[in-house]
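To start, the structure itself, in structure tokens.
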Protein chains: 2
Amino acid sequence: MKFHQADTRQRMVKTAAEMLAQHGLNATSIREMSKRAKSPLGSTYHHFPDGKQQVVVEAVVFAGEKVAASLDHHLRKGAALGIREFLGVWRVILLESNFRIGCPVLAVAVEEPLDEVAENTLKAAAIIFNLWEEKLGAALIAEGSDLAAASGIATLVVAAAEGAIALCRAQRSIDPFDRVEGQLLTLLTQV
Amino acid sequence: MKFHQADTRQRMVKTAAEMLAQHGLNATSIREMSKRAKSPLGSTYHHFPDGKQQVVVEAVVFAGEKVAASLDHHLRKGAALGIREFLGVWRVILLESNFRIGCPVLAVAVEEPLDEVAENTLKAAAIIFNLWEEKLGAALIAEGSDLAAASGIATLVVAAAEGAIALCRAQRSIDPFDRVEGQLLTLLTQV
DNA sequence: GTCTATACGAAGATAGAC
DNA sequence: GTCTATCTTCGTATAGAC
């Protein structure tokens, strides 16, 4: 009973996340999202009374937590392997989309509407970045790193991965990602 | 004689670069750019017959070459110092703008209009990223690194810096940048 | 709750007066 | 060459029929 709503809502969030990852925040319109989610425009404002803002926040959290879950899973086998997997997720996305799909969290972090300040959506991105950093940092600490080194490496991995995604999109090539991954894995074996 | 045009054109390019850095590609409208550059909307299409595309490409190249010139200057004193300066440029921009202004090249690399493919603007971003990587790589090679290591580190520095900028914007804090910079400088002393 | 129709502003771009 | 007026499309959002 009443599973239509939940399904529609979920489909909207997922569609929004996909659009954010490929086109960015300002190019992700509620109109087009509704169309792709096969739902009328008006329904969006029934499910998300706060409008686009709310959709974007939920899309960022949705995508971010999916990556976090994958991190949880793979970090159990050790920090280095977990990081390899974290990078592997993005590698596959880049390759399969022919370098068109990037990271929705990064997209939100880079843009900012002309009028508003987008405090809510930026905060969502910050929470997800922090989530990833904390998981990576905890795994490193569990293997003997001290707090400063662990948080330094965790932030470097997230920042470098996000930057590498952008470089690959621009150059339409996986090469930047390969080089960054090589450097990060080398660094990890030295710790 | 006829310096008005050159001045106006230049002012438009600079204004566009500023808007890209703060608001991103799709939020940078020709309308608002003209307004901020104190020039009528129609003039844009006189100076840039190919429209927004052309403005954005020139803005990306303009901003990218300014950073490259600074790199040229500081890399003369050594790779480590040059990289420190490269990072320092972004650090100042982040702090002085209260984490609102980022990198226009990154903005273009992350977004993509809904209809077009934005091949030209992406290519401009790719050229600038490559330019930075080559300058950093050359400096490292001049100090004895082999090609693979040098290009790996150069790409890592660019990717990590761009990613760190995004993290700082999201978290409204310089901390991510500090951690990334610390890791990169540590890595450099090991080479 | 689902969906159509519409309000209203802003986008890219152009025509054409000056 | 500079600038105004305007075309068309698309943006967010809402009203209100069903």
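Hydrogens, waters and symmetry mates play no part in the numbers below; they use all other heavy atoms, side chains included. No experiment lies behind these values; they were computed from the predicted model shown.
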Protein-nucleotide distance (B:Met19, atom CE; C:dG12, atom C1'), rounded to Å: 14 Å
Among the nucleotides D:dT2, C:dC3, D:dA13, whichever has the atom closest to the side chain of A:Lys52 is D:dA13
Just to be sure I understand the rule, does A:Ser34 reach a base, reach only the sugar-phosphate, or reach nothing, if contact means heavy atoms closer than 4.0 Å? nothing
Output a table of donor-acceptor pairs, distance under 3.5 Å, between side-chain atoms of residues 62-82 of chain B and any protein atom two or more places apart or on a different chain; print 'none' if there are none.
from, atom 1, to, atom 2, distance (Å)
B:Asp72, OD1, B:Lys135, NZ, 3.1
B:Asp72, OD2, B:Lys135, NZ, 3.2
B:His74, NE2, B:Glu85, OE2, 3.3

Can you measure A:Leu41 atom CG to C:dC8 atom P for me and round it to whole angstrom units? 17 Å
From NE2 of A:His46 over to P of D:dA17, roughly how many Å is that when rounded to an integer? 18 Å
Rounding to a whole Å, what distance do you find between B:Met33:CE and C:dA13:C1'? 13 Å
In whole angstroms, the gap separating P of D:dT12 from CD of A:Glu32 amounts to 11 Å
Reckon B:Tyr45 has a side-chain N or O less than 4.0 Å from the OP1 or OP2 of C:dA13? yes
Please determine whether a side-chain nitrogen or oxygen atom of A:His47 lies at a distance below 4.0 Å from atom OP1 or OP2 of C:dT2. yes
Expressed as a whole number of angstroms, how long is the span from B:Phe48:CZ to D:dG1:C1'? 14 Å
Result for 5'-nearest mapping on DNA chain D, choosing between A:Asn26 and A:Gly42, is A:Asn26
Between C:dA10, D:dT2, D:dA13, which nucleotide gets closest to the side-chain atoms of A:Arg31? D:dA13
Selection from D:dT12, C:dC3, C:dG1 that lies nearest to any side-chain heavy atom of A:Ser43: C:dC3
Which of these passes side-chain contact (heavy atoms from CB on, under 4.5 Å) with A:Val56: A:Glu58, A:Lys52, A:Gln53? A:Lys52
Rounded interatomic separation in angstrom, taking CG from B:Leu114 and P from D:dT12: 10 Å
Enclosure of B:Arg84 CZ (heavy-atom neighbours >12, cutoff 6.0 Å): no
Does A:Arg172 form a salt bridge (charged side-chain N to carboxylate O under 4.0 Å, His left out) with B:Glu119? I'd like the steps, not just the answer. CA-CA 10 Å; A:Arg172 295 253 184 264; B:Glu119 226 36 85; 3.7 Å; yes
From C:dG12, C:dT6, C:dG1, pick the nucleotide closest to the side chain of B:Ile30? C:dG12
Contact between B:Pro104 and B:Glu18 at the side-chain level, heavy atoms closer than 4.5 Å - yes or no? no
A:Asp115 CG to C:dA10 P, straight-line distance once rounded to whole Å: 9 Å
Would you indicate, yes or no, if D:dG11 has its OP1 or OP2 atom less than 4.0 angstrom from a side-chain nitrogen or oxygen of A:Ser29? yes
